[in-house]
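All values derive from a computational prediction rather than experimental measurement.
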There are 2 protein chains.
Amino acid sequence: MNWEKHLSDEGLRITGPRRAIMEVLLAASVPLSPREILERGQRVHRKLGLVTVYRTLSLLEQFHWVRRVHREDSCHAYLTTSPGHRHALICCGCGQAVDFPGGDDLDTLIERVEARTGYCINDHLLQLFGLCPGCQETRA
Amino acid sequence: MNWEKHLSDEGLRITGPRRAIMEVLLAASVPLSPREILERGQRVHRKLGLVTVYRTLSLLEQFHWVRRVHREDSCHAYLTTSPGHRHALICCGCGQAVDFPGGDDLDTLIERVEARTGYCINDHLLQLFGLCPGCQETRA
DNA sequence: TTTTCTGCAAAGGTTTTGCACCAAT
DNA sequence: ATTGGTGCAAAACCTTTGCAGAAAA
């Protein structure tokens, strides 16, 4: 199901600003801050305002069409999501981000921590940071 | 080595405000936001100001005496650190936090992601969220 | 006494809120 | 025609900076 149909089904409207923001996020391979989304979005929908960016992000986040990640310089940056619970690997050189699934290793880790602490774990935040192949060359 | 000796060795001063902030953090079992640290710290050192809290946190963070974690409601919250690279498991019910080491599972996961993506991974952010044993009872 | 640290005030950011107008249905 | 959405302005926060006075060493 696509996001436009999803919003319609919820009785919400498909508007120019919302299309612009979604378009920007879908085109980005790097997590973007609200301000960056504004700047890029204004190239699509000239009158776009920052307030609408915030409101749209929080809407899209509720429906899991976008996801918030933590960047060192701007604590709140947004990415479109792949289906399922995935994690971000972010390049410290160029900001390029790729998604990856947690997999069995993470499940095992969580089970061990549950056993040791008695906590019932129901969510996690995992992000990896490093250098992408391109940036490794540049620094070599 | 304790933090007071560490600061002295660096030519920095042990002051009332710094003692108050460290005392608050050592007594806390929950990650605290700068504002929360201020409020608790003022009970120890009445004239403590928010600016000093920020400056002291950034100082202590540089020396790894405290560590920043991400709380849902306040992006920047601080904890005293255990030695080594450890992670936080935070209770969604009461905010209680415990530390745990990543262990082999995390190392394996990172190696696999490196192999699959070609990235060279040099840092990570991992936090777990759940219910502590006490809060599980309350909700049962 | 010397230098660092502190608190205040103010500046710089980001995020939220109130409201009248606009636009999707 | 009805609602919900938008942008503007302003408020509310959070974090950083400049500076004169206070306090460690």
Quick one: do [X] and [Y] end up in the same hydrophobic cluster if we chain Ile, Leu, Val, Met, Phe, Trp and Tyr together by side-chain heavy atoms under 4.5 Å apart?
X: A:Val44; Y: A:Leu60; result: no
X: B:Val51; Y: B:Ile37; result: no
X: B:Ile14; Y: B:Val53; result: yes

Report summary line: Separation of C:dC8 atom P from B:Arg46 atom CZ, nearest Å, is 13 Å
Enumerate the salt bridge (charged side-chain N to carboxylate O under 4.0 Å, His left out) contacts for [range], please, sequence neighbours excluded, ordered by first and then second residue.
range: residues 102-114 of chain A; result: A:Asp105-B:Arg112, A:Arg112-B:Asp105
range: residues 45-62 of chain A; result: none
range: residues 13-36 of chain A; result: A:Glu4-A:Arg19, A:Glu36-A:Arg71

**Report entry** Smallest separation among heavy atoms of A:Ala88 and A:Asp99, with atom names
**Finding:** CA-OD1, 4.4 Å
Query raised in the report: Which heavy-atom pair separates A:Gly130 from A:Leu89 by the least distance, and what is that distance?
Result: N-CD1, 4.4 Å
At a cut-off of 3.5 Å, list every protein nitrogen or oxygen paired with a nitrogen or oxygen from nucleotides 14-17 of chain C, distance to 0.1 Å.
| from | atom 1 | to | atom 2 | distance (Å) |
| --- | --- | --- | --- | --- |
| C:dT14 | OP2 | A:Arg35 | NE | 3.2 |
| C:dT15 | OP1 | A:His76 | ND1 | 3.3 |
| C:dT15 | OP2 | A:Tyr54 | OH | 2.0 |
| C:dT15 | O5' | A:Tyr54 | OH | 2.9 |

I'd like to check the side-chain contact (heavy atoms from CB on, under 4.5 Å) partners of [X]; sequence neighbours left out, ordered by chain and number.
X: A:Cys94; value: A:Cys91, A:Gln96, A:Cys132, A:Cys135
X: B:Ala28; value: B:Leu32, B:Arg40
X: A:His76; value: A:Arg68, A:Tyr78, B:Cys75

Query raised in the report: By a strict heavy-atom criterion of less than 4.0 Å, which residues belonging to residues 12-20 of chain A are in contact with DNA chain C?
Result: A:Arg13, A:Ile14
Looking at [X] and [Y], would you say the former's side chain and the latter's main chain have a donor-acceptor pair under 3.5 Å?
X: A:Thr52; Y: A:Leu48; value: no
X: A:Gln136; Y: A:Leu131; value: yes
X: B:Thr81; Y: B:His64; value: yes

Query raised in the report: Under 6.0 Å between the ring centres of A:Phe129 and B:His124?
Result: no
Query - Nucleic acid contacts - residues 37-44 of chain B versus DNA chain D, non-hydrogen atoms under 4.0 Å - result: none
Query raised in the report: At what angle, to 10 degrees, do the two end axes of the helix from C:dT1-D:dA25 to C:dT25-D:dA1 meet, given five pairs define each axis?
Result: 40°
Query raised in the report: Reading DNA chain D 5' to 3', which nucleotide is the first, and which the last, to come under 4.0 Å of any heavy atom in chain B?
Result: D:dC14 to D:dA25
